[in-house]
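Below is one structure, written out as structure tokens; the observations come after it.
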Amino acid sequence: MNMVLACLIAYVLGSIPNGLVFGKLLWHVDLREHGSHNIGATNAWRTLGKGPGFLIFLLDFLKGAISVYLGMRLGDTALACVLAGVFAIVGHSCSLFLKFKGGKGVATGLGVIVMMMPVPALIVFLVWLGVVKLSGYVSLGSIIAAALVPVLAWKFGYPAEYIGFGILAAAFIIIRHHANIGRLLSGTESKIKAGHR
Ligand code: NKO
């Protein structure tokens, strides 16, 4: 029962569209009408600037981290943590408040894995940073970083539930980047800094 409660709270928490709410509230901008049309931290950074981008990242990250914390406290099993994390990511991408639309699950996913497996999460973040610095493409960094999650969960000896979570979450996040993948392949994906090479 407690596990169900944790999942329910995680889904509602994950559903809170920080990018949309704070973009409108503080900067009077609907992120869905600018840049990549995504409500995530990258599009907030691209459209509104560094500070707003960082704020949205932090808030979306917290949704994932708090959800897994609740899974740990209420459910206290590997499965409860995993399910709370899944519900937070699905909430973010298929929001209760946006007719089941939403973001790509990257910042929320990072919040989830920081709580579940801190060392792999740090490695995943550093790889993301490296790919983004080298290529200029945030989406490429997110796709590669997500694919690394199940591999590291396995390498670091985490339980099967965590490895299963990694496979599911990576697949979900990569699918959410389908439009980015199309643009990367056709050379039309926008880089995070104009003129970045
Ligand atoms: O606007 O389509 P866009 O170019 O914005 O955005 C593409 C982008 C969407 O994601 C975001 C969130 C950015 C957060 C940055 C820090 C996170 C770095 C770590 C990634 C780890 C992912 C692992 C998730 C595992 C479940 O991609």
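No hydrogens, no waters, no symmetry mates; every other heavy atom, side chains included, goes into these values. By convention here, the first residue in the shown sequence is residue 1. Atoms within a ligand are numbered from 1 in the order they appear, just like the ligands themselves.
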> Considering only protein heavy atoms, which is closest to atom 22 (C) of ligand 1, and at what distance to one decimal place?
Replying inline: V106 CG1, 3.9 Å
>> Just verifying a value: how many Å separate L20 CG and N38 CG, rounded to the nearest 0.5 Å?
In response: 11.0 Å
> Any N/O of R183 closer than 3.5 Å to an N/O of ligand 1?
Replying inline: no
> Do I144 and V112 sit in the same hydrophobic cluster, where Ile, Leu, Val, Met, Phe, Trp and Tyr count as joined when their side-chain heavy atoms come under 4.5 Å apart?
Replying inline: yes
> Under 4.0 Å from any heavy atom of S139, which atoms of ligand 1 are there?
Replying inline: 27 (O)
> When you look at H177 and K104, which way does the side chain to side chain donor-acceptor pair (under 3.5 Å) test go after all the steps?
Replying inline: CA-CA 7 Å; H177 281 82; K104 297 177 184 173; 5.3 Å; no
> Quick one: nearest non-hydrogen protein atom to atom 14 (C) of ligand 1, plus distance?
Replying inline: F57 CD1, 3.8 Å
> Can you tell me the protein heavy atom closest to atom 15 (C) of ligand 1 and the distance?
Replying inline: W128 CZ2, 3.3 Å
> In the protein, which heavy atom is nearest to atom 7 (C) of ligand 1, and how far is it?
Replying inline: H177 NE2, 3.8 Å
>> Below 4.0 Å, non-hydrogen atoms only: which portion of T42 touches ligand 1? Side chain, backbone, both or neither.
In response: both
> Nearest protein heavy-atom contact for atom 3 (P) of ligand 1: which residue, which atom, what distance?
Replying inline: S36 OG, 3.5 Å
> Between A169, A179, A170, which one has a non-hydrogen atom sitting closest to atom 26 (C) of ligand 1?
Replying inline: A169
>> Do I167 and L110 land in one hydrophobic cluster if side-chain heavy atoms of ILVMFWY residues count as linked below 4.5 Å?
In response: no
> Heavy atoms only: which of N180, V112, I89, I173 is nearest to atom 24 (C) of ligand 1?
Replying inline: I173
> Out of curiosity, does M116 fall in the hydrophobic cluster containing W128 (side-chain heavy atoms, cut-off under 4.5 Å, transitive links)?
Replying inline: yes
>> For atom 4 (O) of ligand 1, what is the closest protein heavy atom, and at what distance to 0.1 Å?
In response: R46 NH2, 2.7 Å
> ligand 1 and K104, any nitrogen or oxygen pair closer than 3.5 angstrom?
Replying inline: yes
> Could you state the interatomic distance from CH2 (W45) to CD1 (I56), rounded to the nearest 0.5 Å?
Replying inline: 13.0 Å
> To the nearest 0.5 Å, what is the distance between CZ (F87) and SG (C94)?
Replying inline: 11.0 Å
> For ligand 1, does D60 get within less than 4.0 Å through its side chain, its backbone, both, or neither, judged by non-hydrogen atoms?
Replying inline: neither
> Given the rule in the side-chain contact (heavy atoms from CB on, under 4.5 Å) test, do L31 and H37 qualify, once you have shown the distances and angles that lead to the verdict?
Replying inline: CA-CA 6 Å; L31 287 175; H37 306 281; over 6 Å; no
>> If I take atom CD1 from residue I192 and atom OH from residue Y137, how far apart are they, to the nearest 0.5 angstrom?
In response: 12.0 Å
